[in-house]
Amino acid sequence: MASLGDLVRAWHLGAQAVDRGDWARALHLFSGVPAPPARLCFNAGCVHLLAGDPEAALRAFDQAVTKDTCMAVGFFQRGVANFQLARFQEALSDFWLALEQLRGHAAIDYTQLGLRFKLQAWEVLHNVASAQCQLGLWTEAASSLREAMSKWPEGSLNGLDSALDQVQRRGSLPPRQVPRGEVFRPHRWHLKHLEPVDFLGKAKVVASAIPDDQGWGVRPQQPQGPGANHDARSLIMDSPRAGTHQGPLDAETEVGADRCTSTAYQEQGAGAGGSEPLVTVTVQCAFTVALRARRGADLSSLRALLGQALPHQAQLGQLSYLAPGEDGHWVPIPEEESLQRAWQDAAACPRGLQLQCRGAGGRPVLYQVVAQHSYSAQGPEDLGFRQGDTVDVLCEVDQAWLEGHCDGRIGIFPKCFVVPAGPRMSGAPGRLPRSQQGDQP
């Protein structure tokens, strides 16, 4: 099975080959991916049409609509392939199926899915009339065109008058199709991960064994032994496997290959009477962070410190602590008393206090949305759902895409397929309280 990176790379190179008019190269790339998703099958079908091979195009569009039974544009293009093969009854059936997938809407805009094309209801009805003309159904064809005219965008010049006049004179109509050279393209969010990365980087020494080392940013080696305030971070590499990122309020982030660890600490001078030494608190959220806090710190102080190292949504989670013992489980911390018990239990634990910010997959939920249309996952990174499903939003990827959680699955999906389920959450993550859900599906 091809990796996601291989799939996106072949997809991107195939789209570039289409732009150059290199049909053979594009077909090799689109068809060479094992178990290609529906959008790649659609792309292959469009290229076969451009190459003058409607039979091969028909097979590709068959695969596309089999993998995604809601792909209206797939049925539309399969109808075009059947039309070119003089299979007019099959073409008529495909155009009706495309219209059915529009579900009464005037159009489906595929731009956010990577195809620069808006499938209009009037356009599908025009093709219905084209197939009806070839079948000698002149009255039905004229009726289809009148319905298409009623779907024409308001305020624009209706261009179907000449088509209706031609049908009334029993002339044939050529079908409309996706514009030449337009295919589904991978999202830029995927493409940015294909850029080469320097995994070596440069070392950055933050602790030195030389007492008088005057190097910029280098701290002398800390004393070892009982009572010493020892900072365990001895060496941090400035690279993708172990890089540093300077954040607000003296917060450093160490990025690993499989996790991201952030250490936030507050620089405070010791008073004459001595001050309580800082201890480490680790929190599992979207990634793991290590916080330097005073032993016995209250809940509000921990959340304030957590906010210096994590995005603002990380503070919305329900905090829990890991109970001591080999079979330790996560115990919720709903109030201050629970946190103080956690501090007492952590005193005997060598790893200190361990907290968890609970949400979907350990991640906080920003808000919820309801699916206005069904969406079929096109790859392992996508989140598929059905119309009416409620989705927990975990991240706003960009203006067009969201990352969410539904039925135990996490993935990305187009924002245009959903509508807000209610007001954004200001408390703990999860489902909206019943008092705020109203009559939502």
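Values reported hereafter were calculated over all heavy atoms of this structure, with side chains retained and with hydrogens, waters and symmetry mates removed.
Between Asp298 and Leu339 the shortest heavy-atom distance is C-CD2, 3.4 Å.
No more than 12 heavy-atom neighbours from other residues, nucleotides or ligands sit within 6.0 angstrom of NE2 on His28.
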Decide side-chain hydrogen bond (donor to acceptor under 3.5 Å, both in side chains) for Glu182 and Tyr110; before the verdict, give the C-alpha distance in whole Å, the side-chain angles of both, and the deciding distance to 0.1 Å. CA-CA 11 Å; Glu182 292 299 342; Tyr110 285 92; over 6 Å; no
Applying side-chain hydrogen bond (donor to acceptor under 3.5 Å, both in side chains) to Tyr367 and Asp392, what does each step give before you reach the verdict? CA-CA 6 Å; Tyr367 53 93; Asp392 299 327; over 6 Å; no
Please step through side-chain contact (heavy atoms from CB on, under 4.5 Å) for the pair Leu145 and Gln168, ending with a clear verdict. CA-CA 11 Å; Leu145 281 176; Gln168 289 172 340; over 6 Å; no
Evaluate side-chain hydrogen bond (donor to acceptor under 3.5 Å, both in side chains) for Asp165 paired with Ser162, printing each intermediate quantity in order. CA-CA 5 Å; Asp165 181 65; Ser162 59; over 6 Å; no
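A salt bridge links Asp6 and Arg9; the closest N-O separation between the charged side-chain nitrogens and carboxylate oxygens is under 4.0 Å. At a threshold of 4.0 Å, the pair Arg116-Asp109 does not count as salt-bridged, since none of the basic side-chain nitrogens sits closer than that to a carboxylate oxygen. With respect to the salt-bridge test (charged N to carboxylate O, under 4.0 angstrom), the residues Arg409 and Asp382 do not qualify.
Remark: the backbone N or O of Ser130 is not paired with any side-chain donor or acceptor of Asn127 at under 3.5 angstrom. Checked by atom type and distance alone, the side chain of Glu403 never pairs as donor or acceptor with a backbone atom of Glu396 at under 3.5 Å. A donor-acceptor pair is defined here as one N or O able to donate and one able to accept, closer than 3.5 Å; such a pair exists between the side chain of Lys415 and the backbone of Gln399. Within the 3.5 Å criterion, the main-chain N or O of Val178 finds a donor-acceptor partner in the side chain of Gln77. No side-chain donor-acceptor contact under 3.5 Å links Ser143 to the backbone of Thr139. A donor-acceptor contact shorter than 3.5 Å is absent between the side chain of Lys151 and the backbone of His105. A donor-acceptor distance shorter than 3.5 angstrom exists from the side chain of Ser150 to the backbone of Glu147, with no hydrogens or angles considered.
Evaluation of the side chain to side chain contact (heavy atoms under 4.5 Å, CB included) rule for Leu102 yields Leu99, Ile108, Ala121, Val124 as partners, not counting sequence neighbours.
A side-chain contact (heavy atoms from CB on, under 4.5 Å) with Phe42 is found for exactly one of Leu115, Val183, Asp68, namely Leu115. Put simply, the residue from Val393, Thr390, Val419 that forms a side-chain contact (heavy atoms from CB on, under 4.5 Å) with Val369 is Val393.
Residues Gln101 and Phe75 meet the side-chain proximity criterion, which asks for heavy atoms closer than 4.5 Å.
Aromatic pair Phe413/Tyr375: ring centres not closer than 6.0 Å.
Relative ring orientation between Trp122 and Trp152 is described as tilted, the plane-to-plane angle lying within the 30° to 60° band.
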